[in-house]
Amino acid sequence: TKMLELVKLSGFSRATLYRNCHDLYGLAPAQRLRELRMEKAKFLLLYTPLSITQIAAYLGYLRVHEFSREFTCLMGLTPSQFKIV
């Protein structure tokens with residue numbers, strides 16, 4: 001999972017990583033990663049010619065539907081709607 005990858009990369013224990021992330025951002029590590037991915041998605045949608053499928057793959061989503069659902073939930077617009085706004 002992404003959390004285990006973060007633990008390995010950071011060298012912190014799972015609890016320390018969670019506590020530090022929550023102290024700095026007010027979010028769990030998984031939520032912070034999701035936030036960062038969506039910020040990158042917004043940039044890619046607005047400033048690149050990449051398709052939504054390409055953006056989803058670039059951000060590590062295995063299925064475009066998962067990316068679209070998560071984006072819509074957090075942003076209030078589908079990726080297609082956001083791209084043309």
Path from Val64 to Leu46 over hydrophobic side-chain contacts below 4.5 Å: yes
Stepwise side-chain contact (heavy atoms from CB on, under 4.5 Å) check, Leu74 with Glu35: CA-CA 9 Å; Leu74 292 171; Glu35 187 178 79; over 6 Å; no
Electrostatic pair Glu66-Arg69, nearest N-O below 4.0 angstrom: no
Closest non-hydrogen atom pair between Phe12 and Leu17, with its separation: CB-N, 4.1 Å
Within one Ile-Leu-Val-Met-Phe-Trp-Tyr cluster: Ile55 and Phe43, side-chain cutoff 4.5 Å: yes
Step-by-step side-chain contact (heavy atoms from CB on, under 4.5 Å) determination, Phe71 to Leu45: CA-CA 11 Å; Phe71 187 91; Leu45 286 165; 3.6 Å; yes
Leu50 side, atom CG; Tyr58 side, atom OH - distance, nearest 0.5 Å: 9.0 Å
Close side-chain approach of Gln54 and Ser51, heavy atoms under 4.5 Å: yes
Plane angle bin for His22 and Tyr18 - parallel if under 30°, tilted between 30 and 60°, otherwise perpendicular: parallel
Passing option when Glu70 is tested against Arg34, Met75, His65 for side chain to side chain contact (heavy atoms under 4.5 Å, CB included): Arg34
Approximate separation, where rounding is to 0.5 Å, of Leu24 CG and Arg19 CZ: 11.5 Å
Phe67 with Tyr47, same ILVMFWY side-chain cluster at under 4.5 Å: yes
Short side-chain to backbone donor-acceptor contact, Thr72 and Ser68, under 3.5 Å: yes
side-chain contact (heavy atoms from CB on, under 4.5 Å) assessment of Ser80 paired with Ile52: CA-CA 8 Å; Ser80 308; Ile52 293 168; 3.3 Å; yes
Test salt bridge (charged side-chain N to carboxylate O under 4.0 Å, His left out) applied to Glu39 and Lys42, step by step: CA-CA 5 Å; Glu39 288 302 314; Lys42 290 191 314 187; 3.2 Å; yes
Nearest-0.5 Å distance that lies between atom OG1 in Thr16 and atom CG in Asp23: 10.5 Å
Nearest-0.5 Å distance that lies between atom NZ in Lys83 and atom CG in Leu77: 14.0 Å
Leu33 and Leu6, any side-chain heavy atoms less than 4.5 Å apart: yes
Geometric cation-pi criterion, Arg37 with Tyr61: 6.0 Å, 45°: yes
